[in-house]
Amino acid sequence: MGAHVYWTNYNSGTIGRAHLDGSDVRQNFITGAASPTDVAVHGKHIYWANLLTIGRANLDGSGVDQNFITGANFRPQGLAVDGKHIYWTNLPISGPPSDSTIGRAKLDGSGVNRNFITAEVSPGGIAVHGKHIYWGDLGLPVPNSTIGRANLDGSDVNQNFITEAGAPHGVAIHGEHIYWAAAGSLVARANIDGSGVNLNFITGASFSYGIAVDGSDC
């Protein structure tokens with residue numbers, strides 16, 4: 001418990017798990033997921049984004065609920081969890097991309113609000129840090145893409161917190177910086193206040209999508 005890495009296997013519909021040293025790999029740690037795209041761990045639970053639902057299980061893989069949060073017309077993409085809520089980005093299964101939203105629910109699955117924040121076009125990765133939520137919006141063509149930001153209560157929405165973000169996918173926050181996977185081959189970085197944008201912070205990736213940051217010196 002607390003010493004594992006978890007990941008989604010989109011094609012096989014499973015959640016994988018291994019020890020942090022890479023041993024005891026279990027590609028089918030949790031089965032029955034529907035094209036899972038993202039996973040988050042908080043407290044005693046794992047959460048993941050299915051095709052039309054948010055799933056949840058205990059850290060040991062028991063208590064699997066593929067329909068922990070349900071919905072009829074949304075495609076969860078990014079997923080983030082803090083001490084009180086689950087947040088996810090929605091792409092509509094039908095209807096215009098302008099129907100995209102940021103959803104939110106309490107950790108017990110109650111209080112579901114699929115329209116917590118209205119997104120611009122195509123939200124992808126999402127991160128929660130301090131008093132704010134951050135998300136990447138593809139906003140194609142690429143020059144229209146942005147990083148959005150809002151307060152944790154959904155107020156003070158700024159769809160253009162960072163502009164010309166290079167088709168952002170995954171988003172991560174650490175210390176005084178925001179990082180995101182951009183334009184397929186880049187890792188971008190900016191200051192936490194949105195200044196100092198560097199789309200070429202790291203180059204040479206191959207269809208970069210997810211991103212994570214830790215605080216170790218390894």
Side-chain angles (χ1 to χ4, degrees), residues 37-42 47 49 75-91 97-105 113-218:
T37 55
D38 202 2
V39 63
V41 177
H42 183 81
Y47 304 84
R75 186 3 162 166
Q77 296 288 303
L79 185 67
V81 185
D82 66 11
K84 294 183 178 180
H85 294 98
I86 310 161
Y87 305 85
W88 64 94
T89 56
N90 292 319
L91 290 178
S98 58
D99 289 344
S100 299
T101 64
I102 308 297
R104 189 182 81 164
N113 183 354
R114 295 181 189 87
N115 300 302
F116 179 60
I117 295 171
T118 299
E120 284 286 282
V121 180
S122 300
I126 187 169
V128 179
H129 180 79
K131 298 180 179 180
H132 295 102
I133 314 162
Y134 303 80
W135 63 92
D137 200 312
L138 294 178
L140 298 175
V142 170
N144 297 330
S145 62
T146 66
I147 301 292
R149 191 183 80 165
N151 295 331
L152 288 182
D153 63 1
S155 65
D156 196 22
V157 175
N158 184 351
Q159 302 284 2
N160 299 301
F161 179 64
I162 295 174
T163 59
E164 298 187 16
H169 287 280
V171 178
I173 314 291
H174 180 71
E176 296 301 313
H177 293 99
I178 310 166
Y179 303 82
W180 65 95
S185 61
L186 306 171
V187 173
R189 190 181 81 163
N191 297 324
I192 199 74
D193 64 0
S195 65
V197 176
N198 183 354
L199 283 179
N200 297 296
F201 181 64
I202 296 172
T203 62
S206 179
F207 196 70
S208 53
Y209 200 94
I211 189 167
V213 184
D214 72 15
S216 73
D217 295 323
C218 296

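All residue numbers refer to positions in the sequence shown, counting from 1. Note that the structure is predicted; figures quoted are calculated from it, not measured.
- Side-chain atoms of T89 do not come within 3.5 Å of backbone N or O of G125 as any donor-acceptor pair.
- If you take CZ on R189 and NE2 on H174, they are separated by 11.0 Å, rounding to the nearest 0.5 Å.
- Using modelled atom types and a 3.5 Å distance limit, the side chains of N90 and T101 yield a donor-acceptor pair.
- For N113 (side chain) and F116 (main-chain N/O), a donor-acceptor pair under 3.5 Å exists by modelled atom type.
- Between V81 and A40, the shortest heavy-atom distance links the atoms CG2-CB, 3.8 Å.
- By the 4.5 Å heavy-atom criterion applied to side chains, L152 and D82 are counted as neighbours.
- With hydrogens and angles disregarded, no donor-acceptor distance shorter than 3.5 Å links the side chain of S100 to the backbone of A119.
- Atoms CG and NE2, on N198 and H177 in that order, are 10.0 Å from each other to the nearest 0.5 Å.
- Formation of a donor-acceptor pair under 3.5 Å by the T37 side chain with backbone atoms of P76 is found in this model.
- Between N200 and L186 there is a side-chain heavy-atom pair separated by less than 4.5 Å.
- Of the possible polar contacts, none joining the N191 side chain to the D193 backbone as a donor-acceptor pair under 3.5 Å is found.
- Rounded to the nearest 0.5 Å, atoms CD1 (I102) and CD1 (I133) are 7.5 Å apart.
- Side-chain contact between W88 and R75 is absent, with no heavy atoms from C-beta onward closer than 4.5 Å.
- Scanning all heavy atoms of the two residues, the minimum distance from A212 to A172 falls at CA-CB, 4.2 Å.
- Counting only heavy atoms from C-beta outward, the side chains of I192 and H129 approach each other to under 4.5 Å.
- Between atom OH of residue Y179 and atom CD1 of residue I211 there is a gap of 8.5 Å, rounded to the nearest 0.5 Å.
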Subject >> L79/V39 under side-chain contact (heavy atoms from CB on, under 4.5 Å): CA gap, chis, key distance, verdict >> reply: CA-CA 6 Å; L79 185 67; V39 63; 5.7 Å; no

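- Atom CG in L199 sits 6.0 Å away from atom CH2 in W180 (nearest 0.5 Å).
- In terms of heavy atoms, S145 sits closest to G166 at OG-N, 3.0 Å.
- Counting all heavy atoms, side chain and backbone alike, P168 lies closest to G136 at CG-CA, 3.7 Å.
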**OP:** Just do the side-chain contact (heavy atoms from CB on, under 4.5 Å) check on N151 and H132 with the steps written out, would you?
**Re:** CA-CA 4 Å; N151 295 331; H132 295 102; 3.4 Å; yes

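- If you take CG on D156 and CZ on F161, they are separated by 10.0 Å, rounding to the nearest 0.5 Å.
- Q159 contributes a side-chain N or O that, together with a main-chain N or O of T118, makes up a donor-acceptor pair within less than 3.5 Å.
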